[in-house]
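Each residue takes its place number in the sequence, starting with 1. Because only heavy atoms are used, hydrogens play no part in the values below, and waters and symmetry mates are left out as well, while side chains stay in. Order of listing sets the numbers, starting from 1, for every ligand and every atom in it. Quantities reported herein were computed from a predicted structural model and do not represent experimental measurements.
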Amino acid sequence: MIKSLLVSLALIASSALAAPATLTSKTSCSATAVSCSSSASSNTCCSPKYGLVVLVQQWVPGYGPDDAFTLHGLWPDECNGSYAPSNGCDSSRQWTNIESIVENYGPSTLHSDMLTYWPSDAESNNDFWSHEWDKHGTCVSTYAPTCYGSSYTKYEDVIDYFTKVLELRAQYDLYSALADANITPGGSYSVSDMQDAIQSAFGVTAKIDCSSGTLSDIEINFVVKGTTTYIPQNTSGSTCKGTVDYPSK
Ligand code: 5GP
């Protein structure tokens, strides 16, 4: 009886440990490979296939906390800055119900953090989040379900993507970076002073975008070390020129 129990336990343990040959486990990835460099892995589970990743935050009066930029998205691009496919990268994982996936499969704080920091100014939050996932989230190759090996749980890729984007927003808190240089909403500032503030907070330049002279979005590019460490890069192409209006929310 004890012997057969031990045999069963051994069988269960070996089947849990041995991932099917077709699956690639992230545990075997180099932690020091850097996307868009000579050390990048050709295994797209280990280095993102689209290795230049753009974090886009927006400043939209009427949306989100008075003291925070909100999210537009996290976009994986080619290393030369060309966009990933505009219709997304994996049609088998495009969902129209991201809000309910986040509510039902994510940690309890994920949905509330998205409501706070990722509101849509143009359509329902669900439609905006589903669009961002379908077009951009499915292009983060390291979140492909096969990369999780046999431990993958339903929608883990979706939850990991949105969790990472929120983590980056908090880490690259543009409101605080600007406020630390006395650049606060309700005034006008030179774009070079804004760049200096971002440079002293994060060590890189950003793409600061305006619409008719008013601040609209700020983008920061990253390369990815291993699968989870995002390293900011100088980002060019600001459309704001001269003086920028930074309105109160
Ligand atoms: P993108 O394709 O650049 O990732 O996202 C832009 C699309 O998302 C547009 O179709 C736009 O209408 C929609 N959208 C919905 N809500 C927002 C929002 O709050 N900000 C921006 N920039 N686009 C939004």
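Regarding atom 16 (N) of ligand 1, its nearest protein heavy-atom neighbour is Ser120 OG, 2.7 Å. With respect to atom 1 (P) of ligand 1, the closest heavy atom belonging to the protein is His131 NE2, 3.4 Å. In terms of protein heavy-atom proximity, atom 22 (N) of ligand 1 is nearest to His72 CE1, 3.0 Å. Summary of contacts: the protein heavy atom closest to atom 24 (C) of ligand 1 is Phe128 CE1, 3.4 Å.
Here the rule is side-chain contact (heavy atoms from CB on, under 4.5 Å) with Pro76, and of Val140, Val54, Val224 only Val140 fits it. Of the options Trp133, Tyr152, Tyr143, a side chain to side chain donor-acceptor pair (under 3.5 Å) to Asp157 is made by Tyr152 and by none of the others.
Taking the six-membered ring where tryptophan is involved, the planes of Trp95 and Tyr155 are perpendicular, since the angle between them exceeds 60° and thus also 30°.
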For the pair Lys135 and His131, evaluate side-chain contact (heavy atoms from CB on, under 4.5 Å) and give the outcome as yes or no after the intermediate values. CA-CA 6 Å; Lys135 179 173 172 182; His131 168 86; 3.8 Å; yes
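Polar contact check, Asp121 against ligand 1: a nitrogen or oxygen pair lies under 3.5 Å apart.
The option from Lys135, Gln58, Glu123, His136 that lies nearest to atom 14 (N) of ligand 1, judged by heavy atoms, is Glu123.
For ligand 1, the atoms sitting less than 4.0 Å from at least one non-hydrogen atom of Ala122 are 15 (C), 16 (N), numbered in the order shown with element in parentheses. Residue-ligand proximity, Trp75 to ligand 1, at heavy-atom distances under 4.0 Å covers atoms 3 (O), 4 (O). Contact atoms of ligand 1 toward Glu132: 1 (P), 4 (O), 5 (O) (distance under 4.0 Å to a heavy atom of the residue). Near Pro119, with a cut-off below 4.0 Å to any heavy atom, the atoms of ligand 1 are 19 (O).
A heavy-atom distance below 4.5 Å is not found between the side chains of Tyr63 and Tyr117. Taking 4.5 Å as the limit, some side-chain heavy atom of Gln57 sits within range of a side-chain heavy atom of Tyr172. Looking only at side-chain heavy atoms (C-beta outward), Val244 and Met194 come within less than 4.5 Å of each other.
Here Tyr63 has no heavy atoms under 4.0 Å from ligand 1, in either its backbone or its side chain.
With 2.5 angstrom as the limit on SG-SG distance, Cys45 and Cys29 do not come in below it.
Protein non-hydrogen atoms do not reach within 4.0 Å of atom 9 (C) of ligand 1.
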